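To start, the structure under review is shown below, and the notes come after it.
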Amino acid sequence: MLDLNTKKIKKNAYRVTKVRGETASRVRVPGGLLTAELLPLIQNIAETFGNGRIHLTTRQGFEIPGIKYTDMDAVNALLQPIIDKLEINQEIPGKGYTSAGTRNISACIGSNTCPFATYNTTNFAQKMEKEIFPNDLHFKVAFTGCANDCIKTRMHDFGIIGMTEPQYEKERCMGCQACVKACKKKSVDALSVENYRIVRNTEKCVGCGECVINCPTRAWTRSPVTYYRLVIMGRTGKRNPRLAEDFLVWATEDAIIKIIKNTYGFVNNYIDREAPGGKEHIGYIIDRTGFEEYKKWAMEGVELDPRTIVKGPVYWSGIHYDGK
Amino acid sequence: MGYQTTAEKINAIFSDLSKDYLIYAPKRFVGDGTFTYIDTIRYGEITDLAEIEFAEKSNYSFKEVLLPISETLFYFTENEMKEADAPKKGAIVFLRSCDLHGLKRMDTIYLENGGVDTYYKRLRDHTKFILMGCENSFENCFCVSMGTQTSEDYDAYLKVDGDNVLVDSRWDYLDAALAGATQAPVIADSVTANDTVVTIPETVPQTLFDDPFWEEYGNRCIACGRCNFVCPTCTCFTMQDIFYTDNGKAGERRRVWASCHVDGYTDMAGGHAFRNDKGQRMRFKVLHKVNDYKRRFGTHMCIGCGRCDDVCPEYISFANCINRLNTLVNDTVKEEN
Ligand code: HEM
Ligand code: HEM
Ligand code: SF4
Ligand code: SF4
Ligand code: SF4
Ligand code: SF4
Ligand code: SF4
């Protein structure tokens with residue numbers, strides 16, 4: 001006879017599935033990068049306690065279905081080396097993941113491999129994971145290397161899009177216009193030519209770095225510091241799916257971490273305690289409180305780089321199925 | 001004369017020399033590369049031996065010291081013009097053997113090909129060259145095939161070996177400055193073989209001018225010009241006349257690097273461009289490097305540094321192109337016989 005506390009099970013990153021008696025274990029992989037040596041461990045769990053299959057989740061984790069509820073402790077023991085190796089914060093060692101609300105932090109492949117990436121997305125994702133996990137509140141955070149947004153940060157509560165501030169050394173420029181063509185054809189057409197030299201429209205520039213990539217003489221190079229566009233409160237779902245909107249542009253790493261951490265305070269304060277499962281998306285809370293109230297909480301104690309542009313008020317559109 | 005001395009001593013000599021010279025050497029520019037977190041090794045001013053990148057091949061050559069990417073030649077107003085002042089100081093340039101051969105190619109073009117280029121000459125006359133040895137061949141180098149793996153035309157050879165610095169000086173100033181240092185025979189490190197070996201056809205028949213051989217390159221090359229810009233022996237420039245925006249009657253003339261792969265190179269008055277096909281641009285460059293130049297000046301232009309192969313974003317190998325061309329020429333000659 002099974003006597004389960006489903007709330008506890010879910011909090012422990014196990015799913016209550018449609019198959020009576022069977023659960024599924026969700027393995028977090030912050031930043032979506034793991035060493036191949038962990039795959040046999042995941043394989044072993046699936047073959048020993050699951051049904052031999054593994055599902056790759058949209059958030060770059062693994063979901064191992066077909067596990068008997070009674071085997072959860074055994075599975076937790078097998079998860080431990082994976083948790084250790086990926087340096088996941090854990091409240092009680094040996095007990096698996098002690099929260100599931102704050103989802104795995106996803107990231108595109110980033111500067112480890114991608115020529116367009118402006119920073120190491122995996123590193124920032126892992127750093128963010130350490131800052132905010134474990135936590136039961138429902139937060140979805142994703143990192144993407146450039147404005148191409150391959151990880152689709154705009155479908156997340158927080159999307160972090162890398163930006164470089166192109167540095168122009170005019171004495172190294174011979175006017176080939178490779179940068180101008182690249183910006184026009186692949187980006188936002190922010191470059192123009194004046195007296196054979198290049199002028200960057202700083203209001204238009206999205207910091208994608210195409211100019212830097214295409215300059216054959218290193219007249220354009222990257223800024224030593226990476227900047228980020230922080231887009232917020234994108235979501236899918238039944239009522240009002242919508243894309244995240246810009247909150248900060250040319251923001252620094254520290255500011256972004258602080259804002260996301262501040263948001264936990266905001267949510268704790270305003271979350272609808274009557275919501276089903278005690279679960280309410282941040283976006284809907286902000287819809288209720290108004291953006292300015294959220295901004296007040298989010299910006300508390302945040303130090304901004306002089307370059308940073310703070311948007312406000314932020315409006316979201318999307319599709320309204322809820323008649324509002 | 002050969003010497004064994006210390007980095008400290010050399011740095012002190014540099015410090016004295018800096019009154020009259022700017023010292024240029026390959027340096028690591030952190031994060032300066034095409035892609036994020038990629039460095040470039042290129043020429044910059046140094047004051048200390050420790051700043052020099054000895055371990056890697058520089059991505060760009062020394063040529064930008066003598067032929068700046070962008071150089072103002074003169075300033076003009078309505079009726080007058082004034083030449084840009086010559087650099088106040090001379091230059092000392094650290095470079096490898098192949099590049100030292102590249103210097104000869106530059107000299108040929110700027111000093112011995114008809115007129116003398118005063119802008120080049122006035123800096124060239126005040127430049128000293130310090131050879132950096134090569135203990136091992138780098139990737140894509142084919143200096144041995146081009147006969148540029150050693151060079152005697154240096155003012156000094158310098159090798160850092162732990163705390164010791166070995167110097168072979170052919171420069172009176174340096175001999176005087178090193179008087180008292182331990183004398184020792186110093187022979188420049190050089191390689192005797194490269195992984196990349198090229199065979200250059202003796203002559204390239206005119207019939208290959210339009211050969212389909214070049215078409216493949218036409219489909220691959222994106223005309224970015226990187227192969228030309230990194231090349232120590234590409235000497236082409238173009239002119240830019242600038243009228244200052246606040247006063248349209250005054251301005252300056254600059255000369256800037258040009259590349260035969262990049263759009264605009266063959267543009268003429270009236271807008272006609274006569275070499276639009278990128279395969280034909282490849283043909284023009286390749287034959288300039290290893291055919292035409294030799295017919296005119298007696299040596300090949302290319303010195304085998306392999307930087308063009310290092311840099312091409314489309315993985316077009318110039319070295320492999322020469323070898324393929326050689327096969328094609330041999331086959332063509334056989335057919336004709
Ligand atoms: C079918 C007719 C012609 C063609 C295809 C032609 C093509 C060219 C080309 C390719 C250049 C070299 C441009 C460069 O180096 O950037 C050139 C230069 C020149 N052409 Fe022609 N040309 C033609 C007729 C003429 C005629 C009829 C004249 C004079 C009456 C002329 C006078 C010149 C001069 C003075 C130069 C400049 C030489 C220099 O750069 O030092 N061309 N032409
Ligand atoms: C004292 C008289 C002249 C001088 C000193 C002179 C000088 C030059 C020079 C230096 C160039 C090469 C420019 C470059 O490399 O970009 C050139 C190009 C040219 N000149 Fe002259 N030129 C003179 C008269 C003329 C005349 C009278 C004509 C035509 C009737 C002419 C037609 C051309 C043409 C067609 C070009 C080629 C333009 C191009 O390559 O785009 N020039 N000239
Ligand atoms: S960073 Fe991107 S948008 Fe900005 S100037 Fe360069 S190519 Fe254009
Ligand atoms: S790509 Fe580089 S060299 Fe070419 S115009 Fe742009 S800045 Fe100048
Ligand atoms: S053509 Fe290539 S290998 Fe030859 S000198 Fe130029 S860059 Fe070096
Ligand atoms: S290869 Fe092209 S750019 Fe280089 S020197 Fe020859 S013509 Fe000029
Ligand atoms: S570097 Fe490669 S792609 Fe660029 S111009 Fe040269 S051959 Fe063409």
Side-chain angles (χ1 to χ4, degrees), chain A residues 108-124 145-146 162-182 185-186 193-199 207-227, chain B residues 29-44 58-61 63-64 67-72 222-231 234 236-246 248 251-259 261-265 307-308 311-313:
Chain A
C108 74
I109 196 163
S111 68
N112 285 325
T113 305
C114 176
F116 304 117
T118 60
Y119 69 107
N120 190 318
T121 49
T122 306
N123 285 358
F124 199 173
C146 75
M163 301 175 85
T164 190
E165 186 190 39
Q167 311 287 305
Y168 184 56
E169 196 180 330
K170 61 184 193 311
E171 293 302 320
R172 292 193 71 81
C173 172
M174 42 61 203
C176 70
Q177 299 199 26
C179 55
V180 181
K181 288 177 198 158
K185 291 194 180 143
K186 297 177 78 183
V193 185
E194 208 171 276
N195 262 342
Y196 297 101
R197 293 246 159 101
I198 309 302
V199 181
C208 65
E210 281 289 349
C211 48
V212 179
I213 293 168
N214 285 283
C215 178
T217 52
R218 314 326 300 134
W220 285 117
T221 52
R222 290 186 172 72
S223 48
V225 174
T226 305
Y227 299 93
Chain B
F29 287 76
V30 175
D32 210 28
T34 301
F35 306 118
T36 301
Y37 308 136
I38 300 290
D39 304 341
T40 47
I41 318 286
R42 57 180 176 84
Y43 276 73
S58 66
N59 305 110
Y60 292 82
S61 84
K63 79 174 170 190
E64 61 191 70
L67 183 68
I69 298 174
S70 170
E71 180 180 23
T72 300
I222 58 166
C224 67
R226 281 172 172 82
C227 50
N228 298 126
F229 297 129
V230 298
C231 176
C234 273
C236 284
F237 61 80
T238 187
M239 293 295 184
Q240 297 176 341
D241 285 345
I242 284 96
F243 296 87
Y244 298 141
T245 41
D246 284 354
E252 66 182 66
R253 169 167 291 187
R254 295 195 287 249
R255 78 163 160 206
V256 296
W257 285 3
S259 147
H261 270 280
V262 170
D263 288 352
Y265 185 84
R307 289 189 181 96
C308 49
V311 79
C312 179

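By convention in this document, chain letters (A, B, ...) are assigned in the order of the sequence lines, proteins followed by strands, and residues within each chain are numbered from 1. Predicted model, so just to flag it, every value in this text is computed and none were measured.
If you tally non-hydrogen atom pairs under 4.5 Å between each of B:Asp32, B:Ile38, B:Val311 and chain A, the highest count goes to B:Asp32.
Heavy atoms of B:Arg254 lying under 4.5 Å from chain A belong exclusively to its side chain. Both the backbone and the side chain of A:Tyr119 come within contact range of chain B, judged by heavy atoms closer than 4.5 Å. Heavy-atom distances place the backbone of A:Cys215, and not its side chain, under 4.5 Å from chain B. Only the backbone of A:Ala117 comes within contact range of chain B, with heavy atoms under 4.5 Å apart. Only the backbone of B:Phe243 comes within less than 4.5 Å of a heavy atom of chain A; no side-chain atom from C-beta onward does. Residue contact with chain A, scored on non-hydrogen atoms closer than 4.5 Å, is absent for B:Asn59.
A salt bridge is absent between A:Glu210 and A:Lys185: the closest approach of a Lys/Arg side-chain nitrogen to an acidic carboxylate oxygen does not fall below 4.0 angstrom.
From A:Arg222, atom CZ reaches atom CZ of B:Phe35 across 8.0 Å, with rounding to the nearest 0.5 Å. Note that the NE2 atom of B:His261 and the SG atom of A:Cys176 stand 14.0 Å from one another [nearest 0.5 Å]. Atom CH2 of residue B:Trp257 and atom OG1 of residue A:Thr217 lie 7.5 Å apart, to the nearest 0.5 angstrom. Once rounded to the nearest 0.5 Å, the distance linking CZ of A:Arg218 with OH of B:Tyr60 reads 5.0 Å.
Here the side chains of B:Phe237 and B:Glu71 are not in contact, with every heavy-atom distance at 4.5 Å or above.
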